[in-house]
Student: 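Take this structure, written in structure tokens, and hold onto it; I'll ask about it next.
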Number of protein chains: 2
Amino acid sequence: MKITAIEEYGLRCMVLLARHGNEDPLTLPEFAEKEGVSAPYAGKLLMILKRSGLVKAVRGRRGGYVLVKPPEEIKLKEIFEALGKPVFSTAHCDKYTGENEICVHSGDCTVKNIWQTFEGFIGSFLERVTLADLVSCDINPPPEPGLRVRQKA
Amino acid sequence: MKITAIEEYGLRCMVLLARHGNEDPLTLPEFAEKEGVSAPYAGKLLMILKRSGLVKAVRGRRGGYVLVKPPEEIKLKEIFEALGKPVFSTAHCDKYTGENEICVHSGDCTVKNIWQTFEGFIGSFLERVTLADLVSCDINPPPEPGLRVRQKA
DNA sequence: CTAAATCTTTACAAAAAAGTAAAGATTTTT
DNA sequence: AAAAATCTTTACTTTTTTGTAAAGATTTAG
């Protein structure tokens, strides 16, 4: 399981914006310089964030990007949803079908069940952390979560 | 964040083995047929699992693969570690350095903190589910885990 | 001992993701 | 109005991941 480049750098752009404040916009060359990436690549990232409604662009001189909402109201989950697919989506089953048109497990799938549960678990984390938490806090691992495992009938 | 093909199909191979039992080994053509992938690709997956010590191979006629331990003793976490890197590892910071030799955030990194916390959270899930749970149970989403967020001093 | 069934290794081909380049559109400043 | 700063779009190149192919090694059955 891996974090994609878009997720990594995209999240960093959001952190930069949150730190910078919304007084004046941050420009692509500024993003690029602060993260050590190229300006066109920064442009690609910000465009993705813009299309998801997390940031807005101001064109022309004195332009750049600003957050649409205050960092307190931006959940990590929204950012992840903007930057990539969730771990498990219906697309998942359509993708891993081996050489067949449709997955051999369609219907009753043990692995699908685990991914869905996993997805829910991850979601409960991403729901609880905001961009504001990220820039202003230490975040500690949560206490051991309980996990109910129920035997099949 | 995505589950890689190796993780998806590798986990399925483990499920097949757990279901099949260790009486007689499962062969590559059998894995291939049951999962709808090619036999050489199944070979690649099983080789990865073998090198991590999760399965062992029996060569020659009547050969194939068997689990090294009973499913009750195989945690999902071990399987994931065999099939891929964890979400966050030191390699992560070495990979996403933009155009620089070393990441601009090395030292104090907000994003690193979140990935490490996230990793721990995910780990607490993968520690608690065994291969046996996977083949014999319904697994339900855990209750809302508490998440302590402590303000910086 | 030989042949068949099996795993093993290495090298290669195809597909997806990451990242680059260049030309175009918009706004502000002068 | 013109120029400069900025975002926007499209197409392309590179790198990584996936998946394939083929020849080799090992064991068992007869």
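Every chain is numbered from 1 and lettered A, B, ... according to where its sequence line falls, protein lines coming before strand lines. Just so we're clear, the structure is a prediction, and the values are computed from it rather than from any experiment.
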Student: Return the nearest nucleotide to the side chain of A:Ala5; candidates are C:dG19, D:dT26, D:dT17.
Tutor: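 Comparing C:dG19, D:dT26, D:dT17 against the side chain of A:Ala5, the answer is C:dG19.
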Student: Roughly how many Å is it from OH in B:Tyr9 to C1' in D:dT17, rounded to a whole number?
Tutor: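 About 14 Å, once rounded to whole Å.
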Student: How many whole angstroms separate atom CG of B:Leu45 from atom C1' of C:dC7?
Tutor: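 Value for this atom pair: 14 Å.
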Student: OP1, OP2 of D:dG19 versus side-chain N and O of B:Ser38: anything below 4.0 Å?
Tutor: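 Answer no for this pair, as no side-chain N or O of B:Ser38 is under 4.0 Å from OP1 or OP2.
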Student: Are A:Glu119 and A:Lys112 within salt-bridge range, i.e. N to O under 4.0 Å?
Tutor: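 Salt bridge: no.
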Student: Please classify the nucleic acid contact of A:Lys44 as base, sugar-phosphate, or nothing, using heavy-atom distances under 4.0 Å.
Tutor: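 Here A:Lys44 touches the bases of the nucleic acid.
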Student: Please tell me which of A:Tyr96 and A:Gly63 maps to the more 5' nucleotide of DNA chain D, matching each residue to the nucleotide holding its nearest heavy atom.
Tutor: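 Its nucleotide being nearer the 5' end, the pick is A:Gly63.
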Student: Is A:Glu8 salt-bridged to A:Arg12, going by a charged N under 4.0 Å from an acidic O?
Tutor: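 Yes, this pair counts.
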Student: List the atom pairs, donor and acceptor, that lie under 3.5 Å between side-chain atoms in residues 51-65 of chain B and the rest of the protein, sequence neighbours left out.
Tutor:
from, atom 1, to, atom 2, distance (Å)
B:Ser52, OG, B:Ile48, O, 3.2

Student: How many whole angstroms separate atom CD of A:Glu8 from atom P of C:dA17?
Tutor: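 Rounded to the whole Å, the gap is 18 Å.
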Student: Ignoring hydrogens, what is the shortest heavy-atom contact between A:Cys13 and A:Leu46? Give both atom names and the distance.
Tutor: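 So the minimum-distance heavy-atom pair works out to SG-CD2, 3.8 Å.
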Student: On the nucleotide D:dT27, are OP1 or OP2 found under 4.0 Å from the side-chain N or O atoms that B:Arg62 carries?
Tutor: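 Answer no for this pair, as no side-chain N or O of B:Arg62 is under 4.0 Å from OP1 or OP2.
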Student: Tell me: CZ of B:Arg59 to P of D:dA29, nearest whole Å?
Tutor: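 Going from CZ in B:Arg59 over to P in D:dA29 covers 17 Å.
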Student: From the set D:dT20, C:dT8, D:dT8, return the single nucleotide nearest to any side-chain atom of B:Met47.
Tutor: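 Selected nucleotide: C:dT8.
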Student: Over all strands shown, is B:Gly64 touching base, sugar-phosphate only, or nothing at heavy-atom distances under 4.0 angstrom?
Tutor: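 The answer is sugar-phosphate, as B:Gly64 gets under 4.0 Å only of primed atoms, P, OP1 or OP2.
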Student: Need one value for B:Val58: base, sugar-phosphate or nothing, where a base atom within 4.0 Å counts as base even if backbone is also close, heavy atoms only.
Tutor: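 Contact class for B:Val58: sugar-phosphate only.
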Student: Expressed as a whole number of angstroms, how long is the span from B:Ile48:CD1 to D:dT18:C1'?
Tutor: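 Whole-Å distance recorded here is 11 Å.
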Student: Between B:Leu26 and A:Thr4, just flag the one whose closest nucleotide in DNA chain C comes earlier from the 5' side.
Tutor: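 Upstream on the strand: B:Leu26.
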Student: Whole-Å distance between D:dG19 P and B:Leu46 CG?
Tutor: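 That distance rounds to 15 Å.
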Student: Among the nucleotides D:dC7, C:dA18, C:dT8, which one has an atom lying closest to any side-chain atom of A:Ile6?
Tutor: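 The listed nucleotide nearest to A:Ile6's side chain is C:dA18.
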Student: Where does the angle between the aromatic ring planes of B:Phe121 and A:Phe125 fall among parallel (under 30°), tilted (30 to 60°) and perpendicular (over 60°)?
Tutor: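 Aromatic pair B:Phe121/A:Phe125 classed tilted.
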Student: It should be established whether A:Tyr41 places a side-chain nitrogen or oxygen under 4.0 Å from OP1 or OP2 of nucleotide D:dT13.
Tutor: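 No.
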Student: May I have the distance from B:Phe31 (atom CZ) to C:dT8 (atom P), rounded to whole angstrom?
Tutor: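 Answer to the nearest Å: 12 Å.
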Student: How long is the line joining OH of A:Tyr65 and P of C:dT27, in whole Å?
Tutor: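 Taking atom P of C:dT27 as the reference, OH of A:Tyr65 is at 14 Å.
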Student: If you find the nucleotide of DNA chain D closest to B:Arg61 and the one closest to B:Lys95, which residue's nucleotide is nearer the 5' end?
Tutor: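 Result of the comparison: B:Lys95.
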